[in-house]
Enquirer: 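Quick one: structure below, then a few questions.
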Amino acid sequence: MKQKKEKLLSGKKEADGLTRRDFLKGAGVAVSGSILVGEAQAEANPAEGSAQVQGPGEVPVTLRVNGETRRLNLEPRVTLLDALRDRLDLTGAKKVCDRATCGACTMLMDDRPVYGCTVLAIEAQGHEVTTIEHFSKGGKLHPMMSAFVEHDAQQCGFCTPGFVMACIAFLKTHPNPTMEEVEKGLGGNLCRCGTYWGIRHAVLDAAKAMSAEAEGGLIHG
Ligand code: FES
Ligand code: FES
């Protein structure tokens, strides 16, 4: 068990697997899109492509969060995580490391997992942001949440919202995963309490429940 945990945290590349670094790369592609577009335009045509300077004071920012349009005035330096937690009272995503290490702030942008602490709110404009609050609307728990409860996949629970979001995102691309795929696929999230075993079993169970519910058209999100 100790060896397995060390392997998970080390981020070593497996022969055909997804490592923690791969997860970060995937998240980074999603979050840096707007910057890259600006840079590409600047290279093609310096006059037209030069980015418009924003701030340092507050500027209008329009976000799409959990299917709703939210308008805010924010300094451009404000992260998506801080905007959601401090301005929209969406506190499900947790701020732990605040530097793309732990995964506690995991949320979805256009159905892809990102670390909310590494995305600027201003960059998230034009994308569909989904937080964990979306998956318990109306008091009905998403199957992943139910599976976490069933498998006692949390202790202090601080990492849990980020893990649930990472697991939901993982099943979107791996609807019928093996245990090994689950282990590798969740390498972007850390649990200080060491609840990995329960989490992995929760993902396997949720995968079965979700495919059964999808057939009946019952899954939301
Ligand atoms: S708080 Fe964002 S990765 Fe740790
Ligand atoms: S349950 Fe405590 S950090 Fe994961």
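Whatever order the structure lists ligands and atoms in, that order sets their numbers, starting from 1. Note that the coordinates shown come from a computational prediction; the quantities given were computed from them, not determined experimentally. Numbering starts at 1 and runs along the sequence shown.
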Enquirer: Near atom 2 (Fe) of ligand 2, which protein N/O/S atoms are found at less than 2.8 Å?
Expert: C156 SG, C193 SG
Enquirer: For ligand 1, which atoms, with element, lie under 4.0 Å from some heavy atom of C97?
Expert: 1 (S), 3 (S), 4 (Fe)
Enquirer: Can you pull out the closest protein heavy atom to atom 3 (S) of ligand 1? Residue, atom name and distance to 0.1 Å, please.
Expert: G103 N, 3.2 Å
Enquirer: Would you confirm whether H127, through its side chain, and V129, through its main-chain N or O, come within 3.5 Å as a donor-acceptor pair?
Expert: no
Enquirer: Measure up the H201 and H151 rings against each other and bin them: parallel (under 30°), tilted (30 to 60°), perpendicular (over 60°).
Expert: parallel
Enquirer: Answer yes or no as to whether an N/O/S atom of C105 is found below 2.8 Å from atom 2 (Fe) of ligand 1.
Expert: yes
Enquirer: Relative to ligand 1, is A100 under 4.0 angstrom through side chain, backbone, both or neither, heavy atoms considered?
Expert: backbone
Enquirer: Considering the heavy atoms of V96, write down every atom of ligand 1 situated less than 4.0 Å from one of them.
Expert: 1 (S)
Enquirer: Counting each atom of ligand 1 from 1 as listed, which ones have a heavy atom of D98 under 4.0 Å away?
Expert: 1 (S), 4 (Fe)
Enquirer: Any donor and acceptor pair, going by atom type alone, linking the side chain of E58 with main-chain N or O of E75 inside 3.5 Å?
Expert: no
Enquirer: Any side-chain heavy-atom pair from L204 and P177 closer than 4.5 angstrom?
Expert: yes
Enquirer: Which of the numbered atoms in ligand 1 are under 4.0 angstrom from any heavy atom belonging to C117?
Expert: 1 (S), 2 (Fe), 3 (S)
Enquirer: Without swapping roles, check the side chain of E133 against the backbone of G92 for a donor-acceptor pair under 3.5 Å.
Expert: yes
Enquirer: I need the atoms of ligand 1 closer than 4.0 Å to a non-hydrogen atom of C102, numbered in the order shown.
Expert: 1 (S), 3 (S), 4 (Fe)
Enquirer: With a 3.5 Å distance limit and no angle check, can you tell me whether E68 reaches the backbone of V65 through a side-chain donor-acceptor pair?
Expert: no
Enquirer: Checking side chain to side chain contact (heavy atoms under 4.5 Å, CB included) for the pair V61/R71: CA distance, chi angles, key distance, verdict?
Expert: CA-CA 6 Å; V61 174; R71 293 190 171 80; over 6 Å; no
Enquirer: R64 and T69: side-chain donor and acceptor closer than 3.5 Å?
Expert: yes
Enquirer: Go through the side-chain N and O atoms of N66 and T131 and say whether any donor and acceptor fall under 3.5 Å apart.
Expert: yes
Enquirer: Are D82 and R87 within salt-bridge range, i.e. N to O under 4.0 Å?
Expert: no
